[in-house]
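Structure first, then comments.
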Protein chains: 2
Amino acid sequence: MSRTTMRDVAREAGVSIATVSRVVNGVDAVAESTRRRVLEAIRRLNYSPNLVAKSLVHRGTRNVALFVPDIMNPFFPAIARGVADAVASEGYTVVLCNTDDSTEPGPHFERLLRGNFVDGAILCGTAWDAAPLSELIPADLPVVVMDRRVPGLRADSVEIDNRLGGLMATRHLLDVGCRRILHLGGPVGVSTAEGRLAGYLEALCSGAADERDAAEADSDLITRGPFRAESGYSRTRAALESGLSFDGIFAANDLLALGALQALRQFGRRVPEDVAVIGFDDIYMAALALPPLSTVAQPTYRLGTIAGRMLMDRLDRSASPAQPPAHPQPEPKRVVLEPSLRIRESTRRERVQGSEEE
Amino acid sequence: MSRTTMRDVAREAGVSIATVSRVVNGVDAVAESTRRRVLEAIRRLNYSPNLVAKSLVHRGTRNVALFVPDIMNPFFPAIARGVADAVASEGYTVVLCNTDDSTEPGPHFERLLRGNFVDGAILCGTAWDAAPLSELIPADLPVVVMDRRVPGLRADSVEIDNRLGGLMATRHLLDVGCRRILHLGGPVGVSTAEGRLAGYLEALCSGAADERDAAEADSDLITRGPFRAESGYSRTRAALESGLSFDGIFAANDLLALGALQALRQFGRRVPEDVAVIGFDDIYMAALALPPLSTVAQPTYRLGTIAGRMLMDRLDRSASPAQPPAHPQPEPKRVVLEPSLRIRESTRRERVQGSEEE
DNA sequence: TTGTAAGCGTTATCAA
DNA sequence: TTGATAACGCTTACAA
């Protein structure tokens with residue numbers, strides 16, 4: 001009834017369990033004849049080693065945990081795939097957990113990380129504070145944070161330059177002639193949202209210094225809320241109904257922008273003629289939108305592979321016996337990638353002035 | 001340096017390791033005073049139990065494996081989420097593996113299923129044969145198959161009625177006046193693709209019996225190939241270039257349909273006026289396409305939750321000590337869901353005759 | 001109510 | 001080249 005074990009194989013082959021272990025792992029050197037006998041017994045019994053037992057001895061499952069807010073959100077599958085591919089090359093598999101934007105690590109986190117079920121973890125887009133995290137994460141378990149930052153957490157991180165992205169988006173809108181740009185911002189306190197807003201403000205301020213008629217940085221033009229399409233829809237609708245005037249929208253992500261597009265269409269505003277719209281992320285729906293949505297692209301798959309690699313590096317290091325004497329753990333690494341502008345129909349209109357940029 | 005164990009807690013609290021186990025698991029009854037001492041020691045030492053060791057004793061990790069072709073394919077995230085939610089309610093987590101349409105189970109499969117790293121598995125859209133699978137899958141490890149069927153494998157399964165879906169799609173096209181319907185089929189031998197094609201043929205044959213001018217079932221109108229957008233594009237383009245005449249397209253999935261839309265646009269064919277197009281799956285991009293794509297919707301999230309639940313049921317059963325005497329394992333269950341027609345712009349034109357169906 | 005000790009299925013050390 | 005045997009961290013009879 002139960003699965004066959006090494007003991008069974010040993011009995012079948014008439015050798016000790018230690019010898020079976022040796023041939024299974026290919027260590028030590030076994031006489032060719034016994035080796036053959038053992039292999040034969042393994043085949044006959046259809047044996048395969050129990051990795052849980054192995055993990056107990058080695059103190060390492062070859063699993064890593066990946067936490068994302070929601071795998072159904074089109075931003076995350078490519079990241080998940082990137083991580084999976086990166087770690088698969090070292091024989092690791094990924095345990096996927098949806099956090100649903102919970103404000104603190106849940107039971108899954110506890111179970112996996114503290115229960116030794118994974119050797120490392122990647123936190124993507126989580127909204128958890130550094131304090132509870134640092135307390136919960138075992139000292140010997142490497143973690144890499146991506147997308148959102150977790151200020152104060154001592155961990156490797158990968159992200160894009162969100163400020164720069166916000167700057168690029170807003171400058172582009174200014175370039176195509178927008179003067180009053182509505183910002184559909186992300187949640188307050190979330191690093192990605194804050195960065196994009198900072199870029200927006202920076203573009204507006206430096207823009208005003210130009211000779212061109214100053215674009216306005218009006219606090220009425222800034223709204224904050226969840227990164228969801230409905231929120232983009234309702235906030236744009238509210239702006240439209242309140243009679244607020246604006247000729248451009250910079251949405252902090254594509255979902256928000258898609259919602260905005262819908263509201264605009266409903267109110268008979270033409271895009272890009274009446275209002276130009278740009279989003280952030282470049283999820284594939286962006287290219288398919290009506291009209292196709294300009295956006296600031298993130299290299300999601302690559303972000304995933306980088307995070308995966310960083311984790312593998314830490315794992316290799318902690319596995320190697322030779323600890324450098326100075327720091328037991330090297331300083332956290334931080335990689336910041338540059339986003340890139342993807343211009344499509346939603347902002348394509350004749351330039352107001354100069355500034356060639358294709 | 002190493003993680004704190006029960007032994008440490010026992011020493012700290014001045015009790016035996018068995019007692020610590022008792023209070024951690026809340027069994028047996030411990031004197032309130034010692035219980036408090038143990039709890040206090042746990043807190044001081046920041047102890048949490050090692051689940052790998054626990055799994056070894058209990059012969060069960062609370063993990064299940066989910067195999068999908070590619071989590072980046074928009075059809076799968078909702079399934080993954082459905083599975084995750086269903087199993088999370090019983091304290092299970094999911095290990096995600098991308099199979100990339102490999103023709104046989106890879107090392108991950110071996111590792112996870114045979115290495116006792118998961119208690120069960122869900123195979124979604126895999127293209128593996130029953131023979132290697134049944135040999136590889138341990139007898140005591142429940143598996144549920146979804147999306148594609150694996151003929152000959154003794155396992156629970158969840159799927160939609162693909163033949164019915166093909167029938168509905170084709171009938172709808174006939175209803176809006178199409179007479180020569182190009183079928184962009186999926187790969188040969190894949191159950192979903194075969195089912196949809198069968199429905200297409202059935203609709204055409206029964207349609208011809210009507211008094212209405214017979215729709216043609218021309219073998220030139222049937223193409224087969226991978227479920228990918230590029231394939232839909234190139235096959236449609238080839239049909240267009242060869243001068244083949246058709247006034248409707250039934251694509252075996254949305255990705256194929258999206259590709260077809262692109263080719264049609266490039267050749268100046270109007271959709272739906274010149275050719276009506278319908279897809280299959282209802283991935284969210286479908287609604288955002290240009291024009292919005294009619295399609296046969298699959299309840300993906302629900303498919304996932306059902307598969308997850310089926311697996312949980314098997315797991316509960318195998319955990320319970322009371323084995324029914326007759327069959328050690330009850331017969332495989334099979335649930336087949338009905339797809340539903342989602343009509344959008346890509347087929348919206350005046351009906352040719354009767355057949356109200358909104 | 002508590003402790004001792006025998007597993008769970010491996011690996012690894014030490015003798016033989 | 002092989003075999004005992006003590007871990008790995010926990011659960012669970014069985015005794016006390």
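So that the names make sense, note that chain A is the first sequence line, chain B the second, and so on, each numbered from 1. Below, each value reflects all heavy atoms present in this structure, side chains not excepted, and no hydrogens, waters or symmetry copies.
Residue contacts for A:Val15: at a heavy-atom cut-off of 4.0 Å it reaches the sugar-phosphate backbone alone, with no base atom in range. Within 4.0 Å of B:Ser21, counting heavy atoms only, lies at least one base atom of the nucleic acid. Across all strands, A:Ala31 comes closer than 4.0 Å only to sugar-phosphate atoms, never to a base (heavy-atom distances). Within the 4.0 angstrom heavy-atom criterion, only backbone atoms of the sugar-phosphate kind lie near A:Asn25; the bases stay farther away. Nucleic acid contact for A:Ile17: base, since at least one base atom lies under 4.0 Å from a heavy atom of the residue.
Heavy-atom neighbours of A:Arg44 CZ from other residues, nucleotides or ligands within 6.0 Å: above the threshold of 12.
Of the residues listed (A:Arg334, A:Arg148, A:Lys333), the one engaging A:Glu159 in a salt bridge (Lys or Arg N to Asp or Glu O under 4.0 Å) is A:Arg334, and it is the only one.
With a heavy-atom cut-off of 4.0 Å to chain B, the contacted part of DNA chain D has its first and last nucleotide at D:dG9 to D:dT12.
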Checking salt bridge (Lys or Arg N to Asp or Glu O under 4.0 Å) for the pair B:Glu40/B:Arg37: CA distance, chi angles, key distance, verdict? CA-CA 5 Å; B:Glu40 177 56 24; B:Arg37 277 219 314 291; over 6 Å; no
How far apart are the C-alpha atoms of A:Arg81 and B:Asp100, what are their side-chain angles, what is the distance that settles it, and do they pass the salt bridge (Lys or Arg N to Asp or Glu O under 4.0 Å) test? CA-CA 11 Å; A:Arg81 186 67 211 258; B:Asp100 278 321; 2.6 Å; yes
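Within the 4.0 Å cut-off from OP1 or OP2 of C:dT2, not a single side-chain nitrogen or oxygen of B:Thr19 is found. Listed pair B:Thr34 / C:dT2 meets the phosphate criterion, a side-chain N or O lying under 4.0 Å from OP1 or OP2.
As a whole-Å value, the separation of B:Asn50 CG from C:dC8 P is 18 Å. Taking atom CE on B:Met6 and atom C1' on C:dT4, their separation rounds to 16 Å, with Å as the unit. With rounding to whole Å, A:Arg3 atom CZ is found 11 Å from C:dG9 atom P. Between A:Asp28 atom CG and C:dA12 atom C1' the separation is 9 Å, expressed in whole Å.
Using cut-offs of 30° and 60° for the angle between ring planes, the B:Phe109 and B:Trp128 rings count as perpendicular.
At least one side-chain heavy atom of B:Arg3 sits under 4.5 Å from a side-chain heavy atom of A:Pro138.
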Could you give the side-chain donor-acceptor pairs of residues 59-66 of chain B under 3.5 Å, partners two or more places apart or in another chain?
| from | atom 1 | to | atom 2 | distance (Å) |
| --- | --- | --- | --- | --- |
| B:Thr61 | OG1 | B:Asn63 | N | 3.4 |
| B:Thr61 | OG1 | B:Phe117 | O | 3.0 |
| B:Thr61 | OG1 | B:Asp119 | OD1 | 3.2 |
| B:Arg62 | NH1 | B:Glu90 | O | 2.5 |
| B:Asn63 | ND2 | B:Thr93 | OG1 | 2.4 |

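Here the closest heavy-atom approach between residue A:Ala78 and residue A:Thr300 is recorded as CB-OG1, 3.4 Å.
Between the side chain of A:Asp85 and the backbone N or O of A:Gly82 there is no donor-acceptor pair closer than 3.5 Å.
Comparing B:Glu32 and A:Tyr47, the nucleotide of DNA chain C nearest to each residue sits closer to the 5' end for B:Glu32.
DNA chain D is contacted by B:Ala53, B:Lys54, B:Val57, B:His58 of residues 53-60 of chain B, taking any non-hydrogen atom closer than 4.0 Å.
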